[in-house]
Participant: 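Quick one: structure below, then a few questions.
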Amino acid sequence: MEGAFLLEVSKRIKQYRLEKRLTVQELADRSSVSKGLISQIENGRSIPSLPVLFSIIQSLELEISEFFRDLNIQEP
């Protein structure tokens, strides 16, 4: 279940970034992390720490509860 949850979080970050029409660099700048880290997170190659995850969510101008709402954590 853990892997599926993290993959879903990664997909959701990318989905919201694209909806907000932000580039990877713009999201990285807003979140105070590197462009490479955002890319790795979105592609499921890196797991963000909680402070980084919360910073990304805030940078996407979302409430924490909104980001996690209806998050599917079931194994495929």
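Just so it is clear, the structure is predicted and the values come from calculations on it, not from any experiment.
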Participant: Heavy atoms, side chains only, cut-off 4.5 Å: are L22 and R30 in contact?
Facilitator: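 They are in contact (side-chain heavy atoms under 4.5 Å apart), so the answer is yes.
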Participant: About how many Å separate CD1 of I56 and CD of Q58, when rounded to the nearest 0.5 Å?
Facilitator: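 Those atoms lie 11.0 Å apart.
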Participant: Looking at E26 and K20, is there a salt bridge between them, counting it only when a charged N and a carboxylate O are closer than 4.0 Å?
Facilitator: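 A salt bridge is absent here (no side-chain N lies under 4.0 Å from a carboxylate O).
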Participant: What distance do Q25 atom CD and S39 atom OG have between them, rounded to the nearest 0.5 Å?
Facilitator: 11.0 Å
Participant: Do you know which two heavy atoms are closest between V33 and I38, and how far apart they sit?
Facilitator: CG2-CD1, 3.6 Å
Participant: For E42, run the salt bridge (Lys or Arg N to Asp or Glu O under 4.0 Å) check against K35, R12, R17 and tell me which one passes.
Facilitator: R17
Participant: Nearest 0.5 Å, please: how far is CG in L6 from CD1 in I47?
Facilitator: 5.0 Å
Participant: Can you say whether the rings of Y16 and F67 are parallel (under 30°), tilted (30 to 60°) or perpendicular (over 60°)?
Facilitator: tilted
Participant: Drop me the distance from E19's CD to K14's NZ, to the nearest 0.5 angstrom.
Facilitator: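 Between atom CD of E19 and atom NZ of K14 there are 13.0 Å.
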Participant: Are the side chain of S55 and the backbone of P51 linked by a donor-acceptor contact shorter than 3.5 Å?
Facilitator: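 Side chain of S55 to backbone of P51, a donor-acceptor pair under 3.5 Å: no, none is there.
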Participant: Heavy atoms only: give me the nearest L60-I13 pair and the separation to one decimal.
Facilitator: CD1-O, 4.2 Å
Participant: Does L27 reach the side chain of T23, with side-chain heavy atoms less than 4.5 Å apart?
Facilitator: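 No, too far: nothing below the 4.5 Å cut-off.
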Participant: Please evaluate residues V52 and S31 with respect to the criterion side chain to side chain contact (heavy atoms under 4.5 Å, CB included), reporting the C-alpha separation (whole Å), side-chain torsions for both, the decisive distance (0.1 Å), and the verdict.
Facilitator: CA-CA 7 Å; V52 168; S31 305; over 6 Å; no
Participant: Measure across S10 and G44 and return the closest heavy-atom pair with its distance rounded to 0.1 Å.
Facilitator: OG-CA, 3.9 Å
Participant: Can you hop from L53 to L18 via hydrophobic side chains spaced under 4.5 Å?
Facilitator: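 No: no chain of side-chain contacts under 4.5 Å links L53 to L18.
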Participant: Take a 6.0 Å sphere around CD of E63 and say whether it holds more than 12 heavy atoms from other residues, nucleotides or ligands.
Facilitator: no
Participant: Which atom names give the shortest non-hydrogen contact between P48 and I41, and what distance separates them?
Facilitator: CB-CD1, 3.6 Å
